[in-house]
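Below you'll find the structure, written out as structure tokens, and then a few comments.
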Amino acid sequence: MAKYRNNAYDIAIIGGGLVGCAAAYYLSSSASVAVIERGQINQGASGQNAGSLHFQIEHRLLQNNKELTKELEHYVALTQLAIAYWQGMEQELDCDVELVMDGGLMVAETDAEIDLLQRKSDLEKSQGLRVELLDKDETLKLAPCLSERVKAALFCPCEGHCNPRLLTPVYAGKATDRGADIFTNSRVTAVHRDEGKWRIDLLNSEGSQQRETLVADVVLNAAGAWAGEVATMSHLRLPLFPVGLIMNVTEKRSPLIHHLIQHAGRKLSIKQVHDGNILIGGGWSAPLAKKQGLWLSNSSPLVNIDTVIDNLRTAVDIVPQVKDLHLLRTWTGTTALAPDPFPVLGRAGQTADYYVAAGGSGFTYGPVYARLMSELILTGSSSFPLEAYSPNRFGPGV
Ligand SMILES: Cc1cc2nc3c(=O)[nH]c(=O)nc-3n(C[C@H](O)[C@H](O)[C@H](O)COP(=O)(O)OP(=O)(O)OC[C@H]3O[C@@H](n4cnc5c(N)ncnc54)[C@H](O)[C@@H]3O)c2cc1C
């Protein structure tokens, strides 16, 4: 950790998750950058997620948002950019992050789910995303691990997964190589404007409880599920809500699942990772820890055993051989959701040089969010239009 070497920077990034560290990597080639993290790098959602690279539109987005077709088309265009970044990532970063892009299947068990996949496929293809609707025989031939219950699947050849415990530290290390300072165990407690600069108060949580103030021209709030809490320090109201999710991992086994498997009507994501373990998730919620009705933002969400059982039962329905495996571990993480299903990316309100990058499927899209935000901050515009994701879409209070 840097020890408050300088206290004046061009850009201060609050949050040492994937978005914050990747943005630091891109920004630090042209600016002096500080990343401020209240705990350890990657301790938030970026280190706790499923690592799925899901480029197909998630079924819940299409199911509940028939009126959002235009917005979803725009999002699929962003997906194309994300795919290109992921394809070049290991080369660009010169690292091995256990990236696999062997394809993903979104499976359907009912006629209604097949209809949804057909609709989804039409929309995705219209924006150039490579997807193919497979019938039952084609699906089971491609993925023999799947249950006979599966009637069809939408195959996207670019989908896959990456190890979330590796990626963010790589970005952090590369950002440091480029000169960024990374302050860990440094909780931001206040962010205010003073004489044309941002003054950011930090509380060091290691032993000394030392207090420090950094000064920056620009703030990038990349605090994930805590972005709303951080925004209020500057009197900004960001409608981003913390959501707890669970993940499960089984013991290792010989290769069984060769794709990212998702479901068109049930909450499921399942994949076999590099070491042979099977990761099972898919958006099952975990209650946030609360005291007197208020979110305890320092605590992990709680594990509800019924939810774990329901998640595992769904996995066994779709990949029956999972039944023979022991569950090794269940954990929870907290992610950020906006009132609509999209990320929040851009300059906040009329506030001078205060930017936000949070929400959305931030593992799949985190690197692309970070790159586009760095373009926006450094040049005033980005190579992909971000207006649709502006914090200001929620109204003038932001
Ligand atoms: C269980 C789970 C599974 C998921 N699965 C997937 C998936 O498979 N694919 C996918 O695309 N997405 C997935 N997501 C979503 C994805 O993980 C997040 O969208 C993404 O990691 C967000 O990255 P981030 O950098 O914005 O936030 P985070 O990684 O949460 O980073 C924010 C950081 O800010 C720090 N911070 C907060 N407050 C302060 C403060 N006051 N001062 C200093 N630092 C502060 C936090 O400690 C944290 O480290 C999943 C999320 C969860 C929880």
Side-chain angles (χ1 to χ4, degrees), residues 12-24 34-55 58 79 82 86 104 159-164 167-168 171-172 182-191 200-205 214 219-233 240 242-249 260 262 267 269-271 279-286 288 297-298 300-301 303 311 330-338 343-345 356-370 373:
I13 299 173
I14 304 173
L18 176 57
V19 174
C21 292
V35 177
I36 310 163
E37 166 55 51
R38 67 176 181 174
Q40 294 301 310
I41 288 302
N42 210 28
Q43 74 165 23
S46 301
Q48 294 158 338
N49 66 60
S52 306
L53 306 181
H54 42 71
F55 298 121
E58 290 171 77
T79 297
W86 278 101
E159 288 191 312
H161 48 92
C162 167
N163 188 334
L167 183 62
T168 301
Y171 273 119
I182 297 188
F183 303 112
T184 51
N185 292 310
S186 299
R187 171 190 293 277
V188 171
T189 57
V191 182
I200 302 150
D201 295 341
L202 316 181
L203 178 64
N204 186 292
S205 56
L214 301 188
V219 165
L220 172 59
N221 176 347
W226 302 269
E229 192 175 87
V230 167
T232 57
M233 296 176 192
L240 274 165
V243 175
L245 296 175
I246 62 161
M247 282 300 309
N248 304 287
V249 63
L260 167 67
Q262 299 182 88
K267 288 194 269 190
S269 82
I270 179 164
K271 69 185 76 69
L279 278 186
I280 302 169
W284 289 83
S285 62
L288 296 174
S297 66
N298 288 335
S300 296
V303 172
N311 192 181
T330 295
W331 70 93
T332 62
T334 314
T335 196
L337 284 190
V344 177
L345 303 170
V356 181
S361 289
F363 189 70
T364 304
Y365 293 92
V368 81
Y369 295 162
M373 286 302 296

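These values consider heavy atoms only, across backbone and side chains, with no hydrogens, waters or symmetry-generated copies. For ligands, and for the atoms within them, numbers begin at 1 and follow the listed sequence. The structure displayed is predicted, hence computed values, not measured ones.
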Point to revise | Contacting atoms of ligand 1, where contact means under 4.0 angstrom from a heavy atom of Gln48 | key: 1 (C)
Exercise for review: May I ask whether Glu229 has any heavy atom positioned less than 4.0 angstrom from an atom of ligand 1?
Suggested key: no
Review point. Is it true that Ala223 lies under 4.0 Å from ligand 1, counting heavy atoms only?
Key: yes
Point to revise | Close approach of Gly51 to ligand 1, heavy atoms, under 4.0 angstrom | key: yes
**Study point:** Any donor-acceptor pair under 3.5 Å from Trp86 side chain to Thr364 backbone
**Key:** yes
Review point. Which atoms from ligand 1 have a heavy atom of Gln43 less than 4.0 Å away?
Key: 47 (O), 49 (O)
Practice item. Under 4.0 Å, heavy atoms only, figure out whether ligand 1 is touched by the backbone of Thr334, its side chain, both or neither. Key: backbone
Revision key, fill the gap. Contact region, Ser186 to ligand 1, non-hydrogen atoms below 4.0 Å, reads backbone
Revision key, fill the gap. The closest protein heavy-atom partner of atom 52 (C) of ligand 1 is Leu245 CD1, 3.8 Å
Check your understanding: Does any N or O atom in Val230 lie less than 3.5 angstrom from one in ligand 1, N or O only?
Key -> no
Point to revise | Phe55 and Tyr365 aromatic ring geometry - parallel, tilted or perpendicular at 30°/60° bounds | key: perpendicular
**Study point:** All pairs passing side-chain hydrogen bond (donor to acceptor under 3.5 Å, both in side chains) where residues 44-55 contributes a residue, at least two apart
**Key:** Ser52-Lys271
Point to revise | Minimal non-hydrogen separation, Gly362 against Leu18, with atom names | key: O-CD2, 3.5 Å
Practice item. Determine whether Val356 and Leu345 make a side-chain contact, defined as any pair of heavy atoms from C-beta on separated by less than 4.5 Å. Key: no
Review point. What atoms in ligand 1 come closer than 4.0 Å to a heavy atom of Thr364?
Key: 9 (N), 10 (C), 11 (O)
**Study point:** Atom indices of ligand 1, in the order listed, that fall short of 4.0 Å to a heavy atom of Gly333
**Key:** 53 (C)
Check your understanding: So do Asn311 and Ile246 actually touch side chain to side chain, heavy atoms under 4.5 Å?
Key -> yes
Practice item. Measure the distance from atom 27 (O) of ligand 1 to every protein heavy atom, then report the residue, atom name and distance (to 0.1 Å) of the closest one. Key: Gly224 CA, 3.5 Å
Check your understanding: Are any of the side-chain heavy atoms of Ile36 and Ile200 separated by less than 4.5 Å?
Key -> yes
Practice item. Find all atoms of ligand 1 within a distance of less than 4.0 Å from any non-hydrogen atom belonging to Val19, and give their numbers and elements. Key: 24 (P), 25 (O), 26 (O)
Review point. Just distances here: any N/O of Ser361 and N/O of ligand 1 closer than 3.5 Å?
Key: yes
Practice item. Please could you name the atoms of ligand 1 that Ala222 approaches to less than 4.0 Å, counting only its heavy atoms? Key: 32 (C)
Check your understanding: Do any N or O atoms from the side chain of Trp284 and from the backbone of Leu245 form a donor-acceptor pair under 3.5 angstrom?
Key -> no
Review point. Between Ile246 and ligand 1, does any nitrogen or oxygen pair lie at a separation below 3.5 Å?
Key: no
Review point. For atom 34 (O) of ligand 1, what's the nearest protein heavy atom and its distance?
Key: Gly15 CA, 3.3 Å
Exercise for review: Record the part of Leu53 in heavy-atom contact with ligand 1 below 4.0 Å; permitted values are side chain, backbone, both and neither.
Suggested key: neither
Check your understanding: Between Arg187 and ligand 1, does any nitrogen or oxygen pair lie at a separation below 3.5 Å?
Key -> no
**Study point:** Residue and atom name of the nearest protein heavy atom (relative to atom 37 (C) of ligand 1), distance in Å to one decimal
**Key:** Trp226 CB, 3.4 Å
Point to revise | ligand 1 to Ala225 polar contact by distance, N or O atoms, under 3.5 Å | key: no
Check your understanding: Among protein heavy atoms, which sits nearest to atom 43 (C) of ligand 1, and what does the distance come to when rounded to 0.1 Å?
Key -> Arg38 N, 3.2 Å
Exercise for review: To the nearest 0.5 angstrom, please state how far the CG atom of Asp201 sits from the CG atom of Leu214.
Suggested key: 9.0 Å
Check your understanding: Are any non-hydrogen side-chain atoms of Phe183 and Val35 less than 4.5 angstrom apart?
Key -> no
**Study point:** Close N or O approach (Ile14, ligand 1; < 3.5 Å)
**Key:** no
Review point. Would a distance-only check, ignoring hydrogens and angles, find a side-chain to backbone donor-acceptor pair under 3.5 Å from Asn42 to Gly17?
Key: no
Practice item. Please name all residues satisfying side chain to side chain donor-acceptor pair (under 3.5 Å) with Thr332, sequence neighbours left out, ordered by chain then number. Key: none
Study note, to complete from the structure: A student checking ligand 1 against Ala50 at a 4.0 Å heavy-atom cut-off should list atoms 3 (C), 4 (C), 5 (N), 6 (C), 8 (O)
Check your understanding: What protein heavy atom is closest to atom 48 (C) of ligand 1, reported as residue, atom name and distance in Å?
Key -> Glu37 OE1, 3.4 Å
Point to revise | Identity and separation of the nearest protein heavy atom to atom 4 (C) of ligand 1 | key: Asn49 CB, 3.1 Å
Check your understanding: Side-chain donor-acceptor pair under 3.5 Å between Asn248 and Thr330, yes or no?
Key -> yes
Review point. So which protein heavy atom does atom 21 (O) of ligand 1 come closest to, and at what separation?
Key: Ser46 OG, 3.0 Å
Practice item. Could you tell me which non-hydrogen atom of Ser361 sits nearest to which non-hydrogen atom of Glu58, and how far apart they are? Key: OG-OE2, 3.1 Å
Practice item. Report yes or no: do Glu37 and Ser186 form a side-chain donor-acceptor pair below 3.5 Å? Key: no
Check your understanding: What atoms of ligand 1 come within less than 4.0 Å of a heavy atom belonging to Gly360?
Key -> 19 (O)
**Study point:** Check: Val188 N/O within less than 3.5 Å of ligand 1 N/O
**Key:** yes
Revision key, fill the gap. Heavy-atom proximity to atom 12 (N) of ligand 1, picking from Phe363, Trp331, Tyr171, Phe183, points to Phe363
Review point. Are Arg38 and Asn204 linked by a side-chain donor-acceptor pair shorter than 3.5 Å?
Key: no
Check your understanding: Is Ile41 close to Ile182 at the side-chain level, that is, under 4.5 Å between some pair of heavy atoms?
Key -> yes
